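Keep in mind the model is a prediction, meaning the values are calculated, not measured.
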There are 2 protein chains.
Amino acid sequence: MRTRNIEKEQLVKQTAIEMVVNDGFEGFSVNKLAKACGISVATLYIYYKDKDDLITTIALEEGKRMTTISLRGFDPTQSFTDGLRIQWKNRAEFMLENPLSMCFFEQLRTSTYQTKVMEQILGDFKEAMHAFVNNAVERGELDSMPLEVFWAIAYAPLYSLLRFHNDGRSPGGKPFTMNDDIMWQTFDRVIKALKK
Amino acid sequence: MRTRNIEKEQLVKQTAIEMVVNDGFEGFSVNKLAKACGISVATLYIYYKDKDDLITTIALEEGKRMTTISLRGFDPTQSFTDGLRIQWKNRAEFMLENPLSMCFFEQLRTSTYQTKVMEQILGDFKEAMHAFVNNAVERGELDSMPLEVFWAIAYAPLYSLLRFHNDGRSPGGKPFTMNDDIMWQTFDRVIKALKK
DNA sequence: CCCATAAGTAAGCGATTATTCACTTATTTT
DNA sequence: AAAATAAGTGAATAATCGCTTACTTATGGG
């Protein structure tokens, strides 16, 4: 039998992400995707069951890549400051090296695919984070607080900075590029807000 | 001459927002909107120049409503803690009372309408915020810091909580309803992170 | 009252949507 | 070399897209 062209498959995935990032899901179509890849639209239906399957499969693959990197070197039993610092480092690293992926996830999060995809992607993640916070509270490093409050203070500021960086402008409308100094300065303040 | 049906116009606006919130811009179409409102699609083209004009006009109206409420009782010269507290109160109040509007803005922010609409909406806002931060720094209440850092710490946690509330679930996947206690507990930590 | 005029509509335009089908091409196995 | 089979395609489907046109309806000023 004829062998499948792996490069074409990768091209489809990359191009699909670019299309969604540039024009949103409203501007995405399988016909346009096929044309942009220089293949027949019918070929897409060999790779994927339908449009929905195409999006969710690509999202899940990309999500797995992200969670793997984000949990690298992370251990729920390590000290609170160390654990959170690694989380910030990993997440920032992934987002800065894969700005397209970051934009793609933002599109997913605010789309109808949200419940279908994001919960699966963030599954392992949430579990590890829950254990991590509980350990820190038990050791007395952290006040007990609702998980939503922890999440809002510990991670929302990081993602806010990353979004400014990705949009290329600050809240004042001026150009903005994230750097280590700004990031760790923010991290220190977040620690101050969380620790006893 | 025949008089315009104001109720129909309001119905169009409300229904358009609901459609975008429920199905995203990908699921929004002028034909569906007209059908949902029980009017002819041609009538929409009396109210609005085209689809783009429909979205941007509605977005700008809704945005004006939000910024007006958010700046109510706010004065860039007042003390840092008081000013930020009023901001949190106003923004939370609007978002909790207008969950549909909040979702609509989230769709706008992550859509191709972003640059066209969000900058106009947030214009006055950013100006007031800039003056407010500068004053607080001059009075010595606040460390000087990049505006992005301020924004990330001062507001990102609030919006994070509001999103959890709106989605109806916490980061752990459990049901979540925002209340005053959780909100002001978070506020206190944010103040701790920002003040000298 | 009546008519000028804006409000409102039914029907349909060409373009694009997701998906399918009958078909050809390339490669592995025998 | 030939048979078997998956990979890949061009052209078409019905449905829906944004938008227009030719037309009818309702109402305020004369």
- line: Assign each of B:N31 and B:T3 the nucleotide of DNA chain D bearing its closest heavy atom; nearer the 5' end lies the nucleotide of B:N31
query: Taking for each residue the nucleotide of DNA chain D bearing the nearest heavy atom, is the 5' side occupied by B:R2 or by B:F28?
result: B:F28
- prompt: In terms of side-chain heavy atoms, does A:R91 have a donor or acceptor partner in A:Q87 at a distance below 3.5 Å?
  reply: yes
message: What I want to check is whether the side chains of A:D75 and A:T77 have a donor and an acceptor closer together than 3.5 Å.
response: yes
So, [X] side chain and [Y] main chain: donor-acceptor pair closer than 3.5 Å or not?
{"X": "A:K32", "Y": "A:G27", "answer": "yes"}
{"X": "A:K35", "Y": "A:V30", "answer": "no"}
{"X": "B:S70", "Y": "B:M66", "answer": "yes"}

- prompt: Toward the 5' end of DNA chain C, which comes first, A:A42 or B:Y47, by nearest nucleotide?
  reply: B:Y47
Just call it for [X]: base, sugar-phosphate, or nothing, with non-hydrogen atoms closer than 4.0 Å on any strand.
{"X": "A:Y48", "answer": "nothing"}
{"X": "A:K32", "answer": "sugar-phosphate"}
{"X": "A:I39", "answer": "sugar-phosphate"}

Please report, rounded to the nearest Å, how far the [atom2] atom of [N] is from the [atom1] atom of [X].
{"X": "B:K8", "N": "D:dA26", "atom1": "NZ", "atom2": "C1'", "answer": "13 Å"}
{"X": "B:I46", "N": "D:dC23", "atom1": "CD1", "atom2": "P", "answer": "17 Å"}
{"X": "B:L33", "N": "D:dT16", "atom1": "CG", "atom2": "P", "answer": "16 Å"}
{"X": "A:E26", "N": "D:dG18", "atom1": "CD", "atom2": "P", "answer": "11 Å"}
{"X": "B:K35", "N": "D:dA15", "atom1": "NZ", "atom2": "C1'", "answer": "11 Å"}
{"X": "A:N5", "N": "D:dT9", "atom1": "CG", "atom2": "C1'", "answer": "14 Å"}
{"X": "A:L44", "N": "D:dG8", "atom1": "CG", "atom2": "P", "answer": "11 Å"}

message: Side chain of A:S40 only, heavy atoms from C-beta on: which candidate in D:dG10, D:dT20, D:dC19 is closest?
response: D:dG10
message: Would B:F25 and A:F25 count as a ring pair (Phe, Tyr, Trp, His ring centres under 6.0 Å) here? Give the steps.
response: CA-CA 8 Å; B:F25 283 107; A:F25 283 107; over 10 Å; no
B:F80-B:F132 aromatic ring centre distance below 6.0 Å: yes
- prompt: When you list every nucleotide of DNA chain C with an atom under 4.0 Å from a heavy atom of chain A, which one comes first 5' to 3', and which comes last?
  reply: C:dT17 to C:dT28
